[in-house]
Number of protein chains: 2
Amino acid sequence: MSSSSSSSDEQPTTRRIRHLTLHLNPPPPQPPPSTINLQPCSSSSSRARKPNVNVTTLSSYLRGNNRDIQEKVFDYFNNVRPDLQTPIEILKDDYRELCMRQLMGVVNEAGVKPFQYVSDDPMKYFAIAEAVGSVDMSLGIKMGVQYSLWGGSVINLGTKKHRDKYFEGINNLEYLGCFAMTELHHGSNVQGIQTIATFDPLTDEFVITTPNDGAIKWWIGNAAVHGKFATVFAKLMLPTHDSKVVSDMGVHAFIVPIRDLKTHQTLPGVEINDCGHKVGLNGVDNGALRFRDVRIPRDNLLNRFGDVSRDGTYTSPLPTINKRFAATLGELVGGRVGLAYTSVGVLKIAATIAIRYSLIRQQFGPPKQPEISILDYQSQQHKLMPMLASTYAFHFATVNLIKKYAEMKKTHDEQLVADVHALSAGLKSYVTSYTAKSLSVCREACGGHGYAAVNRFGSLRNDHDIFQTFEGDNTVLLQQVAGDLLKQYQEKFRGGTFAVTWNYLRESMNTYLSQPNPVTSRWEGEDHLRDPKFQLDAFRYRTSRLLQSAAVRLRKHSKTLGSFGAWNRCLNHLLTLAESHIETVILENFIEAIKSCPDANSRAALKLVCDLYALNRIWNDIGTYRNVDYVAPNKAKAIHKLADYLSFQVKDIAKELVDAFDLPDHVIRAPIGRQSPGEAYAEYTQYAGF
Amino acid sequence: MSSSSSSSDEQPTTRRIRHLTLHLNPPPPQPPPSTINLQPCSSSSSRARKPNVNVTTLSSYLRGNNRDIQEKVFDYFNNVRPDLQTPIEILKDDYRELCMRQLMGVVNEAGVKPFQYVSDDPMKYFAIAEAVGSVDMSLGIKMGVQYSLWGGSVINLGTKKHRDKYFEGINNLEYLGCFAMTELHHGSNVQGIQTIATFDPLTDEFVITTPNDGAIKWWIGNAAVHGKFATVFAKLMLPTHDSKVVSDMGVHAFIVPIRDLKTHQTLPGVEINDCGHKVGLNGVDNGALRFRDVRIPRDNLLNRFGDVSRDGTYTSPLPTINKRFAATLGELVGGRVGLAYTSVGVLKIAATIAIRYSLIRQQFGPPKQPEISILDYQSQQHKLMPMLASTYAFHFATVNLIKKYAEMKKTHDEQLVADVHALSAGLKSYVTSYTAKSLSVCREACGGHGYAAVNRFGSLRNDHDIFQTFEGDNTVLLQQVAGDLLKQYQEKFRGGTFAVTWNYLRESMNTYLSQPNPVTSRWEGEDHLRDPKFQLDAFRYRTSRLLQSAAVRLRKHSKTLGSFGAWNRCLNHLLTLAESHIETVILENFIEAIKSCPDANSRAALKLVCDLYALNRIWNDIGTYRNVDYVAPNKAKAIHKLADYLSFQVKDIAKELVDAFDLPDHVIRAPIGRQSPGEAYAEYTQYAGF
């Protein structure tokens, strides 16, 4: 912060203001003839204590146990086969072939074989996914389609016979496959899909049929070019004993061969078309599939949750269609977990580029002094520092999620299953929406040079964009979170226990029933505002209040509108509730992560970052807090002021904080994001040919 | 809204909730055992009066006088030369050639010659820009570079000799040219550019020099491939009489030939490199220019605001460097005006596609009933209806801006010049930031099918993205608005008058000095909330308050931090002030446009839309209003509730409102955005090859 005084009392106009408003000849800010005394913004320089961040120490706390396998991926593309890196310009068809070669290279040349980890060591699988995604997100998604979706459906929805038959082919990429769930007319509403699988007892086969154009399988990855098989989701139709009527047993999954294993010809009855160019991820060959009475052996039913015997008798370990459907979808939750985690990886890359560039980019400055870094501007801090804090917050929350997921895959503990389901829905939705917005902010914060394709914001944004939609539309997923909270809420009042993640609600619901404390609502000291107890209380209070009021409103409206209408009438409220809850969980995870950090300097830095996350979120929703007098006006102002000040403080360690992400230049790959500030412009001009 | 009741009292779970939370087995929303009586959301169905919108009548009120020339452009690409339309996949170099052929076609085949209108009929020029931009934004920008930037600089910064020499060549595209202002190290800070133009009295020439890599002209449109000339901005250096010292006369503009008119060879001393791929607009050939002592005749100085005589004497009609610089930049304001206007055009296209698709897309529904349109969901209305309202609001505001600009070009009225400058800075910034965000919202609101490249959100977003940066970075432009407001504020207290657009501040500042009225702060009736007087008062109050408090804070901080430091310390506050002001101006324009509308039904529809715009903005900033008790808690809730309800009402006429934009299918070009709902899916499956 400059403390230079103006050169003359009569004309204190600074060069800055002149620059900005020059052609309007603005006068200097002058004292207005008002006597109203507004809360001033106090000079905070005396409080500035820059934490002493050791990048290596902080980095090793952040880094997981699977860095070695990530390094293997990075090394392969950086040193062994740099020729396989995706160029900036490539036609769609070439891109798809390159992406296939990249995947072959990782698996068969670099020897990174992800499939075994899908169920045995999910954290290692997600680490690989993050690494290949940072090489090229198309590669990350193509890998996910092959191993997590196609492979995962065979392993998790099938039984031993399927594993024995398909595991090795999936593993070594001979059996490239697709996951054919979404149809042209049905995405979110999976139970509404219309593809039919009718059992024919005469031939002991299922007949797969697309009954109308709306039921064409759409957006199916690996389908347009490379896939040999598809896991097709269809309504199982069984003949009944007394007539020719068939009965609908609900959605099941079937392995359907779509191309000849040797000739790669499309098989009879299967029609495949290309979904064409997408906004991003054009290395992935998404296709559309129509089935005209395609016959498959009875064994191709993935029969873990429901089976059909030779005579057409249906058996299942689960009693109802809905429970079977829930179990089927439940096995696919790993995809959401992976997306939430990978999205944080994308956010780390973007934040690193934007912050490093903002440190070297200089523009304007105090009179007769050098220009200053654009990160020295309050506006730029406002754009990027809460984003950096959120990146750290999301890091800990998603690492916690993948740990829980790995634990769940081992123990199958019922409460953990429910917890991971709701948490993955909420984090996937919240994190990917935030990252999507942030990618645009980063581009804009880097001005014209952020618009150069080589600096990556464009491809990161275009590729990441669909994270908000696939594996569950974000708006729909948030409703699942809200639904789960309402269920927990109801069980509390029935005397049940809250699930692990939202245990806090039990306490705070009681707090909520009393009015806000008129004394603490006025406390505005920095120690109070930076106290995790105050922050957590504020987050939890909001969630509890939204939950209680949502329940009241739902009840009231359901009398006149029915439950569906009532849900819709309260929908924005319910989405706010879900977001509030997820923000709370993230804060809790962050506070826990700080407590567990063994290094004092790292703790101090993380505490600063965490405080910024917390106060930024409270300020963003200050209307809610003010409306119930949870914070008094003076406290609201103090929160705003402190949030700005924390952004200023975090700015002072921003370089160290992004360096601690430990993303080397050959992973970041943007000239303006070079770790060494002296190299950025030079590499950039060199790229243009100078 | 469905009013179906649940099928059983014991199990009132709706299919909707089951779908959403199925695998978690959520219970139905149940009455909580709480006695707290929260303000309920009343059933609004009795108030629903759907305005009877006549699309043709509304459309003719919206449409300008220049529809004929727009039709000429559309017809050319739709009927005469459909082969010139940009395909979805095209390599950069081919794209640039195609874009050049498109421009040649419009000018020389379709006979649409924009250059004459740049100064003679700016509204017609902007209409052409909007039309070609909707064909392909690269074409729109290439046209803008040629006629508004390169051509505009020759006409507006030069004198008759330049017009005589260059007009026809620019007009017929023989003299393709560039506008070389931005350098690698200097974008926003134009006065910081380092390129030098030194007068050599021996040869009567200027010598253009790039002194270091940071001074390389960067992002120069038309430079990489097609340009013959460039208007180069450089610091004019004149030899002094007494020594070999040269004196810096500030930034001036010079015509520099860069390629041979016949051979197209790059001229000696000029180095041109390609800036490469961009996030979007890859039809425009942006290049980088380095000058090694390039000599140009003295006549090539664009000498309207400053001239050099044969003996090296400097003359100018303006007294200081700053006034000359301001006058120079002032002539370039048309670019900003055009961008604000064109950005609304982009927003119209995106909103049309997203809303039409949301009407035909059905997903989930009440038990045993058909699925409902996704636009029937409150969440989707929340995403799209305030956006539609904003599109209308921006339409009227930017039409008003181009009218003022056209008037200014005629009258050169000093107050109008100042007004257009600040208004164009504010609207360009506010509108382009809003449109950029909305394009992402539209994509996400259309789910997977929004991610198909053919449905346009990707290219619209990538091409429009840089609107936030070029012709003035949005964050910098908002500061110009804030600076201007502070100037006006100061002049008020000196007894001066407020400029036209912010006349309202004179009145509202006085209102501000009193405290909020404790009676009206509680009024929550719909008639009151929809009264333009309440809405305008609320907007103006906020601006006045932000302005007064900014002035107080700037004064306070400047004592310790200097004016530059104080400005930076208050920067977020100043940006909020500027946005608040622009929102106010937009609301005023909207209210005026409604008053002027001759058709009662159209007026009713526009009033509904305007109320949504106003209440949405007030609710977005409800913390500010609550914090000073401008609205009481009950009123805040009523505003929230009414804003949701207005979204619901606007939804009922959303189809008519987008149809009234009068953008035919061959302009919209997205299959999912077809005007006839029955055609959307069919065209989309056909596109994929079915």
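In the text below, chain A, chain B and the rest are named by the order of the sequence lines, each starting its count at 1.
Atom NZ of B/K437 has 12 or fewer neighbouring heavy atoms from other residues, nucleotides or ligands inside a 6.0 Å radius.
Summarising the geometry, atom OG1 belonging to A/T685 is positioned 8.5 Å from atom CZ belonging to B/R290; distances are rounded to the nearest 0.5 Å. Rounding to the nearest 0.5 Å places OH of A/Y451 at 12.5 Å from NE2 of B/H277.
Contact tally against chain A (heavy-atom pairs below 4.5 Å) for B/A688, B/G458, B/A445: the top residue is B/A688. Chain B forms more heavy-atom pairs under 4.5 Å with one residue of A/H186, A/K559, A/H573 than with any other, namely A/H186. Ranked by heavy-atom pairs shorter than 4.5 Å toward chain A, the options B/N462, B/I88, B/L575 are led by B/N462. When each of A/A453, A/G447, A/A452, A/G623 is scored by its heavy-atom pairs under 4.5 Å with chain B, the top score falls to A/A453. For the options A/Y625, A/Y684, A/F470, heavy-atom pairs under 4.5 Å to chain B are most numerous at A/Y684. Of the listed residues (A/I372, A/V279, A/T328, A/N474), the one with the most heavy-atom contacts under 4.5 Å to chain B is A/V279.
Two residues are said to be in side-chain contact when any heavy atoms from C-beta on lie closer than 4.5 Å; B/F690 and A/E271 meet this criterion.
Contact detail for B/N572 and A/Q378: the closest heavy-atom pair is N-OE1, 2.9 Å. Across every non-hydrogen atom of A/H449 and B/L184, the tightest pair is NE2-O, 3.0 Å. Across all non-hydrogen atoms, the minimal contact from A/S379 to B/L571 is OG-CD2, 3.4 Å. In this structure, A/D376 and B/N568 approach most closely via the heavy-atom pair O-ND2, 2.8 Å. Contact detail for B/G448 and A/W219: the closest heavy-atom pair is O-CZ2, 3.1 Å. What you find for B/Y687 and A/C275 is that their closest heavy atoms are CE2-O, 4.5 Å.
Heavy atoms of A/D274 lying under 4.5 Å from chain B belong exclusively to its backbone. Neither the backbone nor the side chain of A/Q380 comes within contact range of chain B, judged by heavy atoms closer than 4.5 Å. Residue contact with chain B, scored on non-hydrogen atoms closer than 4.5 Å, involves the backbone and the side chain of A/L281 alike. For A/W218, the part lying near chain B is the side chain, with the backbone staying farther off; criterion is any non-hydrogen pair under 4.5 Å. Within the 4.5 angstrom heavy-atom criterion, atoms from both the backbone and the side chain of A/R626 approach chain B. Contacts between A/I466 and chain B at a heavy-atom distance below 4.5 Å involve backbone atoms as well as side-chain atoms. Heavy atoms closer than 4.5 Å to chain B are found in the side chain of A/I216, but not in its backbone.
In this structure a side-chain-to-backbone donor-acceptor pair under 3.5 Å is missing from B/E89 to A/L91. Within the 3.5 Å criterion, the main-chain N or O of B/S188 finds a donor-acceptor partner in the side chain of A/Q363.
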Requested in this report: Please assess B/T475 against A/K383 for the test side-chain contact (heavy atoms from CB on, under 4.5 Å), listing each intermediate value before the final yes or no.
Outcome: CA-CA 11 Å; B/T475 304; A/K383 285 174 194 168; 2.6 Å; yes

Query - Derivation of the side-chain contact (heavy atoms from CB on, under 4.5 Å) call for B/D465 and A/R461 - result: CA-CA 12 Å; B/D465 197 14; A/R461 179 172 61 192; 2.9 Å; yes

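Salt bridge status for A/D644 with B/R569: absent, with no side-chain N to carboxylate O gap under 4.0 Å.
Counting only N and O atoms by type, the side chains of B/N189 and A/E371 include a donor and acceptor under 3.5 Å apart. Inspection of the B/Q362 and A/H185 side chains reveals no N or O donor paired with an N or O acceptor under 3.5 Å.
Among A/N627, A/D629, A/V628, the one residue that satisfies the side-chain contact (heavy atoms from CB on, under 4.5 Å) test with B/P633 is A/N627.
For B/Y377 and A/W567, the distance between ring centers is not under 6.0 angstrom.
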